[in-house]
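Throughout, residue positions are numbered sequentially from 1 according to the sequence presented. Counting starts at 1 for both ligands and their atoms, in listed order.
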Amino acid sequence: MKPTLLALLAMICFSCNQKTDTNTYYQEQHRPQFHFSPEKGWMNDPNGLVYYEGEYHLFYQFYPDSTVWGPMHWGHAVSKDLTSWEHLPIALYPDSLGYIFSGSIVVDENNTTGFQTGKEKPLVAIFTIHDMVKEKAGRKDRESQGIAYSLDKGRTWTKYAKNPVLPNKGDADFRDPKVFWHEPTKHWVMPLAVGKQLEIFTSSNLKDWEKTGAFGIQESVNDGVWECPDMISFKTKEGIEKWVLIQNIGRGAINGGSGTQYFVGNFDGKTFTNDNTPETKLWLDYGADNYAGVTYFNAPNNEKLFIGWMSNWDDYATKVPTSTWRSAMTVPRKLTLIQTPEGYRLAQMPVHQLEKLRLSKTEISKQTITKSTLIDDKSILKELDLSFDLSASTASELGFVLSNSKNEKLVFGYDKASKQVFIDRINAGKSDFSTKFAKKHFAPFTDSKTLTIKALIDNSSIEVFVNGGSIALTDLFFPNEDYTRLEVYSNGGNAELISGAVYPLKSIWKK
Ligand code: FRU
(Lines give C-alpha, C1' and ligand atoms only; values in the text may rest on other atoms or scores of the structure.)
Protein backbone atom coordinates (compact mmCIF):
# COMPACT_ATOMS: atom_id res chain seq x y z
CA MET A 1 0.00 0.00 0.00
CA LYS A 2 1.31 3.45 -0.95
CA PRO A 3 1.55 5.93 1.90
CA THR A 4 -0.65 8.98 1.37
CA LEU A 5 0.99 12.38 0.91
CA LEU A 6 -0.22 13.43 4.34
CA ALA A 7 1.28 10.34 5.97
CA LEU A 8 4.57 10.93 4.16
CA LEU A 9 4.68 14.52 5.36
CA ALA A 10 3.91 13.39 8.89
CA MET A 11 6.75 10.84 8.72
CA ILE A 12 9.22 13.45 7.51
CA CYS A 13 8.16 15.88 10.23
CA PHE A 14 8.39 13.15 12.87
CA SER A 15 11.92 12.23 11.90
CA CYS A 16 13.09 15.87 11.75
CA ASN A 17 11.56 16.48 15.17
CA GLN A 18 13.33 13.48 16.55
CA LYS A 19 16.61 14.65 15.09
CA THR A 20 16.16 18.09 16.61
CA ASP A 21 15.25 16.51 19.93
CA THR A 22 18.41 14.44 19.99
CA ASN A 23 20.52 17.46 19.18
CA THR A 24 18.94 19.75 21.69
CA TYR A 25 18.09 17.38 24.57
CA TYR A 26 19.61 18.90 27.73
CA GLN A 27 21.62 21.34 25.61
CA GLU A 28 20.06 24.63 26.75
CA GLN A 29 22.37 27.33 28.02
CA HIS A 30 23.36 26.68 31.68
CA ARG A 31 21.95 23.14 31.59
CA PRO A 32 23.94 20.91 33.96
CA GLN A 33 25.51 17.95 32.17
CA PHE A 34 26.36 15.58 34.99
CA HIS A 35 23.90 16.74 37.63
CA PHE A 36 20.28 15.73 37.87
CA SER A 37 17.77 18.32 36.68
CA PRO A 38 14.16 17.80 35.53
CA GLU A 39 13.46 17.71 31.79
CA LYS A 40 11.24 20.75 32.22
CA GLY A 41 9.48 22.71 34.94
CA TRP A 42 10.30 23.61 38.49
CA MET A 43 12.17 21.39 40.95
CA ASN A 44 13.13 21.93 44.58
CA ASP A 45 13.93 19.47 47.41
CA PRO A 46 15.06 15.89 46.93
CA ASN A 47 12.40 13.62 48.45
CA GLY A 48 12.05 9.93 49.26
CA LEU A 49 15.70 9.02 48.72
CA VAL A 50 15.58 5.24 49.00
CA TYR A 51 17.64 2.33 47.70
CA TYR A 52 15.69 -0.79 46.85
CA GLU A 53 16.57 -3.82 44.74
CA GLY A 54 19.49 -2.31 42.88
CA GLU A 55 17.90 1.09 42.26
CA TYR A 56 18.57 4.47 43.84
CA HIS A 57 15.30 6.40 43.71
CA LEU A 58 15.27 10.15 43.55
CA PHE A 59 11.87 11.74 44.07
CA TYR A 60 11.71 15.51 44.14
CA GLN A 61 9.44 18.49 44.72
CA PHE A 62 8.15 19.18 41.26
CA TYR A 63 5.81 21.54 39.45
CA PRO A 64 5.75 20.38 35.83
CA ASP A 65 3.65 23.25 34.44
CA SER A 66 5.91 26.18 35.24
CA THR A 67 9.49 27.13 36.05
CA VAL A 68 8.40 28.68 39.33
CA TRP A 69 7.09 26.90 42.43
CA GLY A 70 3.42 25.83 42.31
CA PRO A 71 1.16 22.89 43.21
CA MET A 72 3.66 20.33 44.46
CA HIS A 73 3.99 16.86 42.98
CA TRP A 74 6.70 14.25 43.54
CA GLY A 75 8.75 13.86 40.37
CA HIS A 76 10.67 10.61 40.07
CA ALA A 77 13.91 9.26 38.60
CA VAL A 78 16.01 6.16 39.23
CA SER A 79 19.67 5.34 38.91
CA LYS A 80 21.63 2.12 39.18
CA ASP A 81 24.94 3.88 39.80
CA LEU A 82 24.14 7.32 41.28
CA THR A 83 25.60 8.78 38.09
CA SER A 84 23.13 8.47 35.22
CA TRP A 85 19.41 8.89 35.83
CA GLU A 86 16.29 7.60 34.12
CA HIS A 87 13.21 9.81 34.29
CA LEU A 88 10.04 8.04 35.44
CA PRO A 89 6.43 9.28 35.52
CA ILE A 90 5.32 11.60 38.33
CA ALA A 91 4.83 9.50 41.48
CA LEU A 92 2.48 11.62 43.60
CA TYR A 93 0.02 14.29 42.48
CA PRO A 94 -1.62 16.96 44.60
CA ASP A 95 -5.16 15.95 45.59
CA SER A 96 -8.23 17.18 47.44
CA LEU A 97 -6.25 17.15 50.72
CA GLY A 98 -3.51 19.40 49.37
CA TYR A 99 -0.12 19.73 47.74
CA ILE A 100 2.45 16.96 48.32
CA PHE A 101 5.32 18.62 50.16
CA SER A 102 8.66 17.08 51.13
CA GLY A 103 9.10 13.76 52.84
CA SER A 104 10.85 10.43 52.80
CA ILE A 105 10.42 6.80 51.78
CA VAL A 106 11.19 3.68 53.81
CA VAL A 107 11.29 0.01 52.89
CA ASP A 108 8.78 -1.68 55.20
CA GLU A 109 10.88 -4.83 55.52
CA ASN A 110 8.70 -6.46 58.21
CA ASN A 111 5.36 -5.34 56.77
CA THR A 112 4.58 -3.26 59.86
CA THR A 113 1.95 -1.42 57.83
CA GLY A 114 0.21 -4.55 56.59
CA PHE A 115 0.34 -3.10 53.05
CA GLN A 116 2.29 -6.05 51.62
CA THR A 117 0.24 -8.42 49.46
CA GLY A 118 2.83 -10.31 47.39
CA LYS A 119 6.56 -10.80 47.32
CA GLU A 120 7.59 -7.17 46.91
CA LYS A 121 8.26 -5.24 50.13
CA PRO A 122 6.12 -2.13 50.49
CA LEU A 123 7.89 1.14 49.86
CA VAL A 124 6.10 3.62 52.09
CA ALA A 125 6.27 7.37 51.39
CA ILE A 126 5.69 9.68 54.35
CA PHE A 127 5.11 13.26 53.23
CA THR A 128 3.59 16.56 54.23
CA ILE A 129 0.15 17.39 52.94
CA HIS A 130 -0.11 21.15 52.55
CA ASP A 131 -3.73 22.31 52.46
CA MET A 132 -3.96 25.46 50.31
CA VAL A 133 -7.63 26.03 51.22
CA LYS A 134 -6.67 26.28 54.88
CA GLU A 135 -3.65 28.43 54.01
CA LYS A 136 -5.86 30.88 52.09
CA ALA A 137 -8.26 30.97 55.01
CA GLY A 138 -5.31 31.96 57.23
CA ARG A 139 -5.50 28.76 59.28
CA LYS A 140 -2.37 27.55 61.03
CA ASP A 141 -3.25 23.85 60.96
CA ARG A 142 -2.64 23.60 57.23
CA GLU A 143 0.15 21.02 57.26
CA SER A 144 -0.20 17.38 58.28
CA GLN A 145 1.58 14.14 57.43
CA GLY A 146 0.24 11.51 55.08
CA ILE A 147 1.48 8.21 53.66
CA ALA A 148 1.31 6.34 50.35
CA TYR A 149 2.70 2.96 49.36
CA SER A 150 4.05 1.16 46.34
CA LEU A 151 4.15 -2.61 45.84
CA ASP A 152 5.93 -2.47 42.49
CA LYS A 153 9.35 -0.97 43.23
CA GLY A 154 8.11 2.60 43.31
CA ARG A 155 6.43 2.56 39.89
CA THR A 156 2.86 3.17 41.08
CA TRP A 157 1.61 4.60 44.35
CA THR A 158 -1.57 4.29 46.40
CA LYS A 159 -2.36 6.99 48.91
CA TYR A 160 -3.53 5.66 52.26
CA ALA A 161 -7.31 6.10 52.59
CA LYS A 162 -7.11 7.37 56.19
CA ASN A 163 -4.66 10.23 55.59
CA PRO A 164 -3.51 12.27 57.40
CA VAL A 165 -1.72 9.91 59.78
CA LEU A 166 -0.31 12.79 61.82
CA PRO A 167 -2.76 15.70 62.07
CA ASN A 168 -1.77 19.22 62.99
CA LYS A 169 -2.59 20.71 66.40
CA GLY A 170 -2.01 24.31 65.34
CA ASP A 171 1.59 24.72 64.19
CA ALA A 172 1.89 26.86 61.07
CA ASP A 173 5.06 25.04 59.94
CA PHE A 174 4.80 21.31 60.56
CA ARG A 175 6.58 19.44 57.83
CA ASP A 176 9.16 17.34 56.03
CA PRO A 177 9.07 13.94 57.82
CA LYS A 178 12.31 11.98 57.37
CA VAL A 179 11.50 8.55 58.74
CA PHE A 180 13.96 5.80 59.71
CA TRP A 181 13.88 2.51 61.59
CA HIS A 182 15.52 2.50 65.05
CA GLU A 183 16.62 -1.07 65.64
CA PRO A 184 17.39 -0.90 69.41
CA THR A 185 13.86 0.28 70.25
CA LYS A 186 12.29 -1.46 67.25
CA HIS A 187 10.18 1.40 66.09
CA TRP A 188 9.94 3.97 63.33
CA VAL A 189 11.22 7.45 64.12
CA MET A 190 10.02 10.62 62.42
CA PRO A 191 12.10 13.78 62.81
CA LEU A 192 9.82 16.64 61.77
CA ALA A 193 10.50 20.36 61.33
CA VAL A 194 8.06 22.33 63.46
CA GLY A 195 8.49 26.11 63.39
CA LYS A 196 12.03 26.80 64.56
CA GLN A 197 12.68 23.44 66.11
CA LEU A 198 12.67 19.71 65.56
CA GLU A 199 10.00 17.43 66.95
CA ILE A 200 10.43 13.66 67.11
CA PHE A 201 7.58 11.18 66.76
CA THR A 202 7.67 7.39 66.91
CA SER A 203 5.41 4.66 65.55
CA SER A 204 5.18 0.89 65.28
CA ASN A 205 3.24 0.87 61.99
CA LEU A 206 3.82 4.24 60.22
CA LYS A 207 0.12 5.02 60.80
CA ASP A 208 -0.11 5.89 64.52
CA TRP A 209 2.41 8.42 65.77
CA GLU A 210 3.33 9.64 69.22
CA LYS A 211 5.49 12.66 70.07
CA THR A 212 8.58 11.66 72.08
CA GLY A 213 10.92 14.62 71.96
CA ALA A 214 11.86 18.08 70.76
CA PHE A 215 15.15 19.78 70.09
CA GLY A 216 16.57 23.05 68.98
CA ILE A 217 14.70 25.94 70.45
CA GLN A 218 17.99 27.22 71.94
CA GLU A 219 19.96 26.34 68.83
CA SER A 220 17.87 28.33 66.32
CA VAL A 221 20.15 30.77 64.57
CA ASN A 222 17.73 33.21 63.15
CA ASP A 223 14.28 34.12 62.01
CA GLY A 224 14.15 31.39 59.37
CA VAL A 225 11.98 28.30 59.83
CA TRP A 226 13.50 24.85 60.17
CA GLU A 227 12.87 22.57 57.22
CA CYS A 228 13.86 19.12 55.95
CA PRO A 229 15.59 17.50 58.95
CA ASP A 230 17.47 14.20 58.78
CA MET A 231 19.02 12.02 61.48
CA ILE A 232 21.82 9.59 60.77
CA SER A 233 24.09 7.50 62.96
CA PHE A 234 27.76 6.65 62.64
CA LYS A 235 30.02 4.21 64.46
CA THR A 236 33.23 5.98 65.46
CA LYS A 237 36.65 4.27 65.34
CA GLU A 238 36.30 3.63 69.06
CA GLY A 239 33.02 1.85 68.39
CA ILE A 240 30.84 4.59 69.88
CA GLU A 241 27.55 5.44 68.20
CA LYS A 242 27.20 9.12 67.32
CA TRP A 243 24.15 10.77 65.81
CA VAL A 244 24.11 13.67 63.42
CA LEU A 245 21.03 15.81 63.00
CA ILE A 246 21.04 17.56 59.64
CA GLN A 247 18.83 20.62 59.79
CA ASN A 248 17.96 22.87 56.89
CA ILE A 249 17.10 26.44 57.79
CA GLY A 250 15.12 28.79 55.59
CA ARG A 251 17.09 31.97 56.32
CA GLY A 252 20.23 33.18 58.08
CA ALA A 253 22.78 30.71 56.71
CA ILE A 254 26.44 31.58 57.08
CA ASN A 255 26.83 32.89 53.54
CA GLY A 256 23.32 34.24 53.15
CA GLY A 257 19.78 32.98 52.64
CA SER A 258 18.87 29.34 53.19
CA GLY A 259 21.44 26.74 54.22
CA THR A 260 22.15 23.58 56.15
CA GLN A 261 23.33 23.26 59.74
CA TYR A 262 24.10 20.06 61.56
CA PHE A 263 24.40 18.96 65.16
CA VAL A 264 26.44 16.09 66.55
CA GLY A 265 25.13 14.24 69.57
CA ASN A 266 23.14 11.30 70.86
CA PHE A 267 19.75 9.76 70.28
CA ASP A 268 18.06 7.34 72.66
CA GLY A 269 15.18 6.39 70.39
CA LYS A 270 13.07 9.26 71.70
CA THR A 271 14.97 12.50 71.66
CA PHE A 272 18.19 14.08 70.41
CA THR A 273 20.82 15.73 72.62
CA ASN A 274 23.57 18.01 71.35
CA ASP A 275 27.24 17.32 72.26
CA ASN A 276 28.11 20.96 71.63
CA THR A 277 26.93 24.22 73.11
CA PRO A 278 23.95 25.93 71.42
CA GLU A 279 26.43 28.61 70.26
CA THR A 280 28.44 26.08 68.21
CA LYS A 281 27.23 26.49 64.66
CA LEU A 282 28.23 23.71 62.29
CA TRP A 283 27.53 24.15 58.58
CA LEU A 284 27.26 21.26 56.18
CA ASP A 285 28.14 23.47 53.22
CA TYR A 286 29.56 27.00 53.08
CA GLY A 287 28.39 27.82 49.57
CA ALA A 288 25.09 29.54 48.91
CA ASP A 289 23.54 26.73 46.88
CA ASN A 290 23.05 23.52 48.78
CA TYR A 291 19.67 23.32 50.46
CA ALA A 292 17.10 20.80 51.67
CA GLY A 293 19.64 17.97 51.43
CA VAL A 294 18.94 14.62 53.05
CA THR A 295 20.33 11.07 52.89
CA TYR A 296 19.29 7.72 51.41
CA PHE A 297 17.30 5.18 53.38
CA ASN A 298 18.66 1.62 53.07
CA ALA A 299 21.82 2.51 51.13
CA PRO A 300 24.18 -0.42 50.50
CA ASN A 301 26.76 -1.00 53.28
CA ASN A 302 24.88 1.48 55.43
CA GLU A 303 26.61 4.32 53.60
CA LYS A 304 25.33 7.82 54.26
CA LEU A 305 24.61 9.13 50.78
CA PHE A 306 23.46 12.71 50.57
CA ILE A 307 21.84 14.80 47.82
CA GLY A 308 20.93 18.49 48.16
CA TRP A 309 19.02 20.96 46.02
CA MET A 310 21.46 23.37 44.35
CA SER A 311 19.74 26.64 44.98
CA ASN A 312 18.94 29.24 47.59
CA TRP A 313 15.28 29.46 48.57
CA ASP A 314 15.44 32.70 50.43
CA ASP A 315 17.65 34.64 48.05
CA TYR A 316 16.88 33.84 44.39
CA ALA A 317 15.68 30.26 43.71
CA THR A 318 12.75 31.33 41.53
CA LYS A 319 14.80 33.89 39.61
CA VAL A 320 17.88 32.08 38.34
CA PRO A 321 18.27 32.58 34.56
CA THR A 322 17.49 29.12 33.22
CA SER A 323 14.94 28.63 30.44
CA THR A 324 12.66 25.59 30.33
CA TRP A 325 13.59 24.10 33.71
CA ARG A 326 14.69 25.42 37.04
CA SER A 327 17.25 23.87 39.38
CA ALA A 328 19.48 20.86 39.69
CA MET A 329 20.60 18.60 42.53
CA THR A 330 24.11 18.39 43.95
CA VAL A 331 26.06 15.32 42.93
CA PRO A 332 25.45 12.46 45.38
CA ARG A 333 27.96 12.73 48.23
CA LYS A 334 29.13 10.24 50.80
CA LEU A 335 29.06 11.61 54.35
CA THR A 336 31.49 10.42 56.99
CA LEU A 337 32.15 11.45 60.59
CA ILE A 338 35.68 12.57 61.34
CA GLN A 339 37.38 13.31 64.63
CA THR A 340 38.84 16.80 64.98
CA PRO A 341 40.36 18.65 67.97
CA GLU A 342 36.98 20.38 68.33
CA GLY A 343 35.01 17.11 68.32
CA TYR A 344 33.30 14.96 65.70
CA ARG A 345 32.50 16.70 62.42
CA LEU A 346 30.94 15.74 59.12
CA ALA A 347 33.03 15.32 55.98
CA GLN A 348 31.68 14.71 52.49
CA MET A 349 33.03 13.69 49.11
CA PRO A 350 31.38 12.99 45.77
CA VAL A 351 30.48 9.29 45.43
CA HIS A 352 33.24 7.26 43.74
CA GLN A 353 30.86 6.10 40.97
CA LEU A 354 31.14 9.55 39.36
CA GLU A 355 34.73 8.75 38.43
CA LYS A 356 33.41 6.80 35.47
CA LEU A 357 32.54 10.12 33.84
CA ARG A 358 36.24 10.96 33.53
CA LEU A 359 37.29 11.09 29.90
CA SER A 360 41.04 11.41 30.23
CA LYS A 361 43.61 12.47 32.77
CA THR A 362 46.00 15.36 32.53
CA GLU A 363 48.58 15.13 35.28
CA ILE A 364 49.99 18.31 36.68
CA SER A 365 53.50 17.82 37.96
CA LYS A 366 55.07 19.19 41.12
CA GLN A 367 55.95 22.83 40.55
CA THR A 368 56.19 26.27 42.06
CA ILE A 369 53.36 28.55 40.95
CA THR A 370 54.62 32.10 40.75
CA LYS A 371 51.90 33.64 38.60
CA SER A 372 48.83 32.60 36.65
CA THR A 373 49.39 29.26 34.90
CA LEU A 374 47.00 27.65 32.44
CA ILE A 375 46.00 24.14 33.42
CA ASP A 376 43.18 23.36 31.00
CA ASP A 377 41.23 25.07 28.25
CA LYS A 378 39.34 22.23 26.68
CA SER A 379 36.01 21.76 28.34
CA ILE A 380 33.69 23.31 30.87
CA LEU A 381 32.85 19.96 32.46
CA LYS A 382 35.81 19.23 34.67
CA GLU A 383 36.95 17.46 37.74
CA LEU A 384 39.93 19.06 39.34
CA ASP A 385 42.09 17.49 42.01
CA LEU A 386 45.08 19.47 43.30
CA SER A 387 47.16 19.57 46.41
CA PHE A 388 49.47 22.26 47.78
CA ASP A 389 52.18 22.28 50.42
CA LEU A 390 51.17 25.27 52.51
CA SER A 391 54.17 25.08 54.83
CA ALA A 392 56.44 25.80 51.86
CA SER A 393 54.09 28.28 50.12
CA THR A 394 54.64 31.98 50.68
CA ALA A 395 51.60 33.18 48.71
CA SER A 396 49.09 35.36 50.51
CA GLU A 397 46.45 33.95 48.21
CA LEU A 398 46.35 30.98 45.87
CA GLY A 399 43.61 29.48 43.83
CA PHE A 400 41.96 28.95 40.50
CA VAL A 401 40.25 31.10 37.91
CA LEU A 402 37.67 29.78 35.48
CA SER A 403 37.03 32.28 32.71
CA ASN A 404 35.67 32.99 29.23
CA SER A 405 36.48 35.43 26.44
CA LYS A 406 34.02 37.98 27.86
CA ASN A 407 36.32 38.35 30.86
CA GLU A 408 33.75 36.76 33.15
CA LYS A 409 35.37 34.72 35.85
CA LEU A 410 34.77 32.52 38.81
CA VAL A 411 37.59 32.39 41.35
CA PHE A 412 38.07 29.87 44.13
CA GLY A 413 40.97 29.35 46.47
CA TYR A 414 42.63 30.08 49.79
CA ASP A 415 43.25 33.39 51.52
CA LYS A 416 46.14 33.03 53.95
CA ALA A 417 45.62 36.23 55.93
CA SER A 418 42.02 35.53 56.82
CA LYS A 419 42.58 31.73 56.97
CA GLN A 420 39.63 31.06 54.74
CA VAL A 421 38.82 29.22 51.56
CA PHE A 422 36.41 30.92 49.22
CA ILE A 423 34.41 31.00 46.01
CA ASP A 424 34.14 34.42 44.40
CA ARG A 425 31.34 34.77 41.85
CA ILE A 426 31.19 38.56 41.88
CA ASN A 427 32.18 38.82 38.20
CA ALA A 428 31.06 35.34 37.17
CA GLY A 429 28.41 36.39 34.65
CA LYS A 430 24.68 37.10 34.95
CA SER A 431 23.66 38.43 38.33
CA ASP A 432 21.05 41.08 37.57
CA PHE A 433 18.24 38.70 38.60
CA SER A 434 19.10 39.23 42.28
CA THR A 435 21.14 41.72 44.28
CA LYS A 436 22.09 38.81 46.55
CA PHE A 437 23.87 36.78 43.88
CA ALA A 438 27.17 38.51 43.01
CA LYS A 439 28.99 37.63 46.24
CA LYS A 440 32.10 35.99 47.62
CA HIS A 441 31.50 33.05 49.96
CA PHE A 442 33.98 32.06 52.67
CA ALA A 443 34.66 29.06 54.86
CA PRO A 444 37.08 28.99 57.79
CA PHE A 445 40.20 26.97 57.04
CA THR A 446 42.09 26.14 60.21
CA ASP A 447 45.84 25.56 60.12
CA SER A 448 46.93 22.68 58.01
CA LYS A 449 50.21 21.89 56.28
CA THR A 450 48.54 20.86 53.08
CA LEU A 451 45.60 22.13 51.17
CA THR A 452 43.84 19.73 48.83
CA ILE A 453 41.10 20.95 46.59
CA LYS A 454 38.72 18.80 44.64
CA ALA A 455 36.26 20.66 42.45
CA LEU A 456 33.45 19.46 40.21
CA ILE A 457 32.58 22.04 37.60
CA ASP A 458 29.46 21.78 35.45
CA ASN A 459 27.90 24.40 33.16
CA SER A 460 26.46 26.47 35.96
CA SER A 461 27.70 25.01 39.24
CA ILE A 462 30.82 24.33 41.20
CA GLU A 463 31.22 21.99 44.15
CA VAL A 464 34.46 22.40 46.08
CA PHE A 465 35.72 19.83 48.61
CA VAL A 466 38.64 20.91 50.74
CA ASN A 467 41.02 18.54 52.58
CA GLY A 468 39.07 15.37 52.02
CA GLY A 469 35.72 17.06 52.27
CA SER A 470 35.99 18.49 55.77
CA ILE A 471 34.86 21.72 54.10
CA ALA A 472 32.44 21.88 51.18
CA LEU A 473 31.25 24.88 49.19
CA THR A 474 28.56 24.67 46.49
CA ASP A 475 27.79 27.66 44.30
CA LEU A 476 25.86 28.39 41.12
CA PHE A 477 27.11 30.74 38.40
CA PHE A 478 25.69 31.85 35.05
CA PRO A 479 28.30 33.01 32.54
CA ASN A 480 27.02 34.61 29.32
CA GLU A 481 29.36 32.32 27.45
CA ASP A 482 30.70 28.98 28.75
CA TYR A 483 33.94 29.08 30.69
CA THR A 484 36.58 26.80 29.32
CA ARG A 485 39.82 28.29 30.59
CA LEU A 486 41.11 27.13 33.97
CA GLU A 487 44.19 28.70 35.55
CA VAL A 488 45.96 28.22 38.85
CA TYR A 489 47.41 31.37 40.41
CA SER A 490 49.34 32.68 43.37
CA ASN A 491 49.41 36.26 44.69
CA GLY A 492 51.90 37.83 47.05
CA GLY A 493 54.42 34.96 46.92
CA ASN A 494 54.74 31.42 45.59
CA ALA A 495 52.41 28.46 45.87
CA GLU A 496 54.03 25.03 46.10
CA LEU A 497 51.95 22.62 44.10
CA ILE A 498 52.58 19.03 45.15
CA SER A 499 50.52 17.19 42.56
CA GLY A 500 47.41 17.50 40.52
CA ALA A 501 45.10 16.05 37.94
CA VAL A 502 42.34 17.43 35.79
CA TYR A 503 39.74 15.36 33.98
CA PRO A 504 37.24 16.51 31.41
CA LEU A 505 33.92 14.84 32.25
CA LYS A 506 31.31 13.43 29.95
CA SER A 507 27.66 14.34 29.92
CA ILE A 508 25.12 11.94 31.39
CA TRP A 509 22.36 13.43 29.23
CA LYS A 510 23.72 13.21 25.68
CA LYS A 511 21.82 10.52 23.84
C1 FRU B 1 12.05 23.33 51.53
C2 FRU B 1 10.53 23.35 51.49
C3 FRU B 1 9.96 22.31 52.44
C4 FRU B 1 8.62 22.06 51.85
C5 FRU B 1 8.88 22.17 50.37
C6 FRU B 1 7.73 22.71 49.57
O7 FRU B 1 12.62 23.82 50.37
O8 FRU B 1 10.07 24.65 51.82
O9 FRU B 1 9.92 22.72 53.78
O10 FRU B 1 8.12 20.80 52.20
O11 FRU B 1 10.00 23.00 50.22
O12 FRU B 1 7.98 22.64 48.22
Side-chain angles (χ1 to χ4, degrees), residues 38 41-49 58-76 90-95 97-105 125-132 134-135 140 142-148 164 166 168 171-179 190-199 216 220 222-230 246-253 256-261 284-285 288-294 306-320 326-330 474 476:
W42 165 270
M43 177 181 82
N44 54 297
D45 316 356
N47 294 151
L49 301 183
L58 165 59
F59 297 83
Y60 51 91
Q61 288 287 278
F62 187 38
Y63 182 37
D65 300 332
S66 167
T67 50
V68 290
W69 190 91
M72 281 292 111
H73 303 56
W74 276 28
H76 188 195
I90 289 172
L92 296 172
Y93 285 80
D95 57 27
L97 296 179
Y99 293 0
I100 313 297
F101 271 21
S102 286
S104 47
I105 290 179
I126 308 97
F127 49 84
T128 298
I129 302 165
H130 185 96
D131 185 334
M132 286 306 285
K134 284 187 180 165
E135 175 171 331
K140 283 192 168 170
R142 56 199 176 216
E143 290 180 345
S144 59
Q145 319 316 316
I147 59 177
L166 179 58
N168 187 321
D171 294 295
D173 296 293
F174 187 71
R175 58 177 177 268
D176 309 337
K178 178 67 171 71
V179 176
M190 180 203 288
L192 191 76
V194 184
K196 289 178 197 167
Q197 65 166 351
L198 176 88
E199 290 191 359
S220 269
N222 56 63
D223 53 349
V225 290
W226 285 29
E227 298 184 314
C228 302
D230 193 2
I246 294 174
Q247 186 55 66
N248 288 279
I249 55 159
R251 183 170 301 156
S258 51
T260 310
Q261 276 187 273
L284 186 132
D285 195 306
D289 299 301
N290 182 356
Y291 191 58
V294 285
F306 169 97
I307 296 182
W309 169 43
M310 276 204 291
S311 200
N312 194 306
W313 233 159
D314 199 44
D315 281 0
Y316 43 71
T318 55
K319 298 182 192 144
V320 293
R326 222 182 228 118
S327 296
M329 296 300 179
T330 65
T474 305
L476 296 176

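When each of Arg142, Glu143, Gln145 is checked for a side chain to side chain donor-acceptor pair (under 3.5 Å) with Thr128, only Gln145 meets the rule. Checking Phe59, Tyr60, Trp69 one by one against Phe101, the ring pair (Phe, Tyr, Trp, His ring centres under 6.0 Å) holds for a single residue, Trp69.
In this structure, the side chains of Asp176 and Asn248 stay at 4.5 Å or more apart for every pair of heavy atoms.
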Show your reasoning for whether side-chain hydrogen bond (donor to acceptor under 3.5 Å, both in side chains) applies to Thr330 and Asn290.
CA-CA 7 Å; Thr330 65; Asn290 182 356; 5.1 Å; no

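In this structure, Arg175 pairs ionically with Asp173, as a charged nitrogen and a carboxylate oxygen lie closer than 4.0 Å.
Near ligand 1, residues Asn44, Asp45, Gln61, Trp69, Met72, Phe101, Ser102, Arg175, Asp176, Glu227, Tyr291, Trp313 come within 4.0 angstrom through at least one heavy atom.
To the nearest 0.5 Å, the span separating CE on Met43 from NE2 on His73 amounts to 15.5 Å.
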